[in-house]
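Naming: A, B, ... by sequence-line order, numbering from 1 per chain.
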Protein chains: 2
Amino acid sequence: MISKSCKYAIRACVFVASKVNDDVKVSMKEIANEIEAPVAFTGKILQMLNKRRIITSLKGPYGGFYCEKYQLETPILEIVNAIDGLAVFKECVMGLHQCSDQHPCPMHFEYSKTKEALMKSFSETTIGSLADKLIDGNSYLTNN
Amino acid sequence: MISKSCKYAIRACVFVASKVNDDVKVSMKEIANEIEAPVAFTGKILQMLNKRRIITSLKGPYGGFYCEKYQLETPILEIVNAIDGLAVFKECVMGLHQCSDQHPCPMHFEYSKTKEALMKSFSETTIGSLADKLIDGNSYLTNN
DNA sequence: CTTAAAAAGGATAAAATTGTCTTCTTATGT
DNA sequence: ACATAAGAAGACAATTTTATCCTTTTTAAG
Ligand code: FES
Ligand code: FES
């Protein structure tokens with residue numbers, strides 16, 4: 001569905017966002033530890049997210065990653081777009097080069113509804129709303 | 001969403017199934033050509049599908065691949081299972097090792113509904129029904 | 001029985017994704 | 001200014017997925 005990198009990215013964003021009220025920055029290491037990903041690889045992902053202004057980074061001592069208020073409103077769709085692109089929501093299930101009502105594959109009319117729904121759901125869910133669920137203790141970011 | 005191999009597999013099955021009334025066998029080459037995949041790679045995929053009895057093969061001159069009547073009832077889900085496994089329908093969107101109501105990630109309750117719906121749709125759609133849509137001319141297997 | 005056509009199987013290779021290591025840059029406190 | 005702590009960046013390595021090539025086996029027709 002979505003790539004491993006993208007899953008790391010979503011978890012990282014939600015984790016960082018969940019710290020916004022504590023007004024602390026979290027380091028690459030802390031994030032990598034939380035999301036159970038290799039540190040250096042986590043770094044790469046955080047870099048991309050920072051470039052896209054999905055999270056914010058600050059170098060130097062006492063530096064790290066954090067979310068600005070406006071960034072809490074970022075839809076999860078933007079994370080997916082930043083890491084994997086939007087192909088998963090647009091491509092044909094059967095691999096035709098174009099997915100369209102005009103030249104549909106046999107699964108198109110059944111399947112494209114689900115794709116749309118999925119994309120809508122990803123675009124309406126914000127990083128902040130997921131962080132809130134975490135904070136409320138209704139859900140988890142780590143295994144066990 | 002699903003792998004390139006799996007897309008090839010679905011298209012291959014539907015193509016083979018669409019020939020069932022003509023009572024002909026189709027060769028690896030013909031299939032590869034139709035689904036726009038490399039011949040040898042198509043061979044590997046057809047091999048797996050044959051092993052799982054999703055399609056049937058016959059070696060030798062006048063040999064090739066075909067669908068037996070009962071195979072038309074095979075759900076698309078079985079093709080996905082044969083090539084990619086069912087992980088896409090079961091795994092956590094955010095990458096937790098287990099997806100469950102007891103230990104949900106923040107996206108779980110929103111997302112797992114869609115996953116279920118998708119899996120249901122894949123399990124209720126048969127190879128034969130897709131082949132029929134092709135035959136009716138309502139849909140296409142090739143680009144352009 | 002021989003020949004030939006086709007799929008099966010195994011070994012390799014290319015490309016994409018995921019992961020690692022080292023050096024460079026920036027910010028902070030003294 | 002200096003030392004240090006952190007992310008940024010680039011080169012490289014491992015793994016997985018996709019693709020190729022060659023040989024073997026099976027089958028049908030003559
Ligand atoms: S054309 Fe295949 S899903 Fe739209
Ligand atoms: S736990 Fe993440 S989708 Fe179910």
Side-chain angles (χ1 to χ4, degrees), chain A residues 1-13 15-16 19 24-68 80 82-85 87-88 91 95, chain B residues 1-13 15-16 19 23-33 35-68 80 82-85 87-88 91 95:
Chain A
M1 169 69 74
I2 60 183
S3 71
K4 208 170 174 185
S5 304
C6 192
K7 288 173 184 170
Y8 287 155
I10 299 174
R11 279 165 81 185
C13 289
F15 177 57
V16 170
K19 301 292 183 190
V24 294
K25 298 186 212 40
V26 275
S27 71
M28 232 165 72
K29 262 178 227 169
E30 288 176 89
I31 297 171
N33 186 62
E34 178 76 8
I35 71 176
E36 296 162 295
V39 179
F41 194 62
T42 303
K44 298 293 183 193
I45 290 168
L46 293 170
Q47 234 175 84
M48 289 192 273
L49 294 170
N50 174 57
K51 272 185 201 155
R52 295 282 199 125
R53 306 214 185 283
I54 293 168
I55 58 177
T56 304
S57 81
L58 189 66
K59 285 182 175 182
Y62 301 86
F65 298 86
Y66 60 100
C67 260
E68 299 184 54
V80 177
I83 308 294
D84 284 355
V88 64
E91 74 193 0
Chain B
M1 170 66 75
I2 61 181
S3 70
K4 206 171 174 185
S5 304
C6 193
K7 288 172 184 171
Y8 288 156
I10 298 174
R11 278 167 82 187
C13 288
F15 176 57
V16 169
K19 300 292 183 190
D23 203 41
V24 295
K25 299 187 211 41
V26 275
S27 72
M28 233 165 71
K29 260 177 231 173
E30 288 176 88
I31 297 171
N33 186 62
I35 70 176
E36 295 162 293
V39 179
F41 194 62
T42 302
K44 298 293 184 195
I45 290 168
L46 293 169
Q47 231 176 85
M48 289 192 273
L49 295 170
N50 174 57
K51 273 185 199 152
R52 295 285 198 122
R53 307 216 185 282
I54 293 169
I55 57 176
T56 306
S57 78
L58 189 67
K59 286 183 177 182
Y62 299 86
F65 297 88
Y66 60 100
C67 259
E68 300 183 54
V80 177
I83 308 293
D84 285 354
V88 64
E91 76 193 0

Between CD1 of B:I83 and P of D:dT18 the distance, given in whole Å, is 10 Å
### Task
Report yes if a side-chain nitrogen or oxygen of B:S57 is closer than 4.0 Å to either non-bridging phosphate oxygen (OP1 or OP2) of C:dA8; otherwise report no.
yes
Inset, instruction - Identify whether any heavy atom of B:K25 sits under 4.0 Å from a base atom; if not, whether one sits that close to sugar-phosphate; answer base, sugar-phosphate or nothing. - result: nothing
* Across the strands shown, which category fits B:L58 at heavy-atom distances under 4.0 angstrom: base, sugar-phosphate, nothing? -> sugar-phosphate
Against the side chain of A:P38, the closest entry in D:dA8, C:dT20, D:dT18 is C:dT20
Scanning both residues in full, the closest heavy-atom pair of B:C6 with B:V80 reads SG-CA, 3.6 Å
Comparing A:T42 with A:G63, nearest DNA chain C nucleotide closer to 5' gives the residue A:T42
By nearest-nucleotide position on DNA chain D, the 5'-leaning member of B:A37 and A:F65 is A:F65
Rounded to whole Å, the NZ-C1' distance (A:K7 to C:dT17) equals 14 Å
Here the pair of heavy atoms bringing A:I45 nearest to A:A9 is CG2-CB, 3.7 Å
Closest to the side chain of B:A40, out of C:dG29, D:dT18, D:dC21, is D:dC21
Between CD1 of A:I31 and C1' of D:dA6 the distance, given in whole Å, is 12 Å
| task | Please check the phosphate of C:dA7 (OP1 and OP2 only) for any side-chain N or O of B:N50 closer than 4.0 Å. | result | no
Note: for A:L46 and A:P61 on DNA chain D, the residue whose nearest nucleotide lies more 5' is A:P61
Between CD1 of B:I45 and P of C:dA7 the distance, given in whole Å, is 14 Å
Closest heavy-atom pair, B:I2 versus B:K7, reported as atoms and distance to 0.1 Å, is O-CE, 3.6 Å
Does any N or O donor sit under 3.5 Å from an N or O acceptor when you compare the side chain of A:K29 with the base of D:dG7? no
Looking for any heavy atom pair under 4.0 Å, which part of the strands does B:Y62 touch: base, sugar-phosphate only, or nothing? sugar-phosphate
Heavy-atom closest pair (B:N50 atom, B:S57 atom, distance to 0.1 Å) is OD1-N, 3.2 Å
Open item on the list: So, OP1 or OP2 of C:dT18: does either fall under 4.0 Å of a side-chain N or O from A:S5?
Closed with: yes
The nucleotide from C:dA27, D:dG7, D:dA19 with an atom nearest the side chain of B:Y8 is D:dA19
Out of D:dA9, C:dG19, C:dA8, minimum distance to the side chain of A:Q47 belongs to D:dA9
B:L49 atom CG is separated from C:dG9 atom P, nearest whole Å, by 13 Å
Which of D:dA19, C:dA8, D:dA8 is nearest the side chain of B:K4? It is D:dA19
* What does B:K51 touch in the nucleic acid at a heavy-atom separation under 4.0 angstrom: a base, only the sugar-phosphate, or nothing? -> sugar-phosphate
For the pair A:E91 (side chain) and A:V88 (backbone), establish whether a donor and an acceptor sit closer than 3.5 Å, ignoring hydrogens and angles. no
Closest to the side chain of B:K59, out of D:dT18, C:dA7, D:dA9, is C:dA7
note: B:M1, atom CE; D:dT17, atom P; distance rounded to Å ~ 17 Å
In terms of heavy-atom contacts, A:I54 and A:C67 come closest through O-SG, 4.4 Å
Problem set entry | Base D:dG10 paired with A:K44 side chain (donor-acceptor, <3.5 Å) | yes
To the nearest angstrom, the CD-P distance between B:E30 and C:dA5 comes to 15 Å
note: A:M48, atom CE; D:dG7, atom P; distance rounded to Å ~ 16 Å
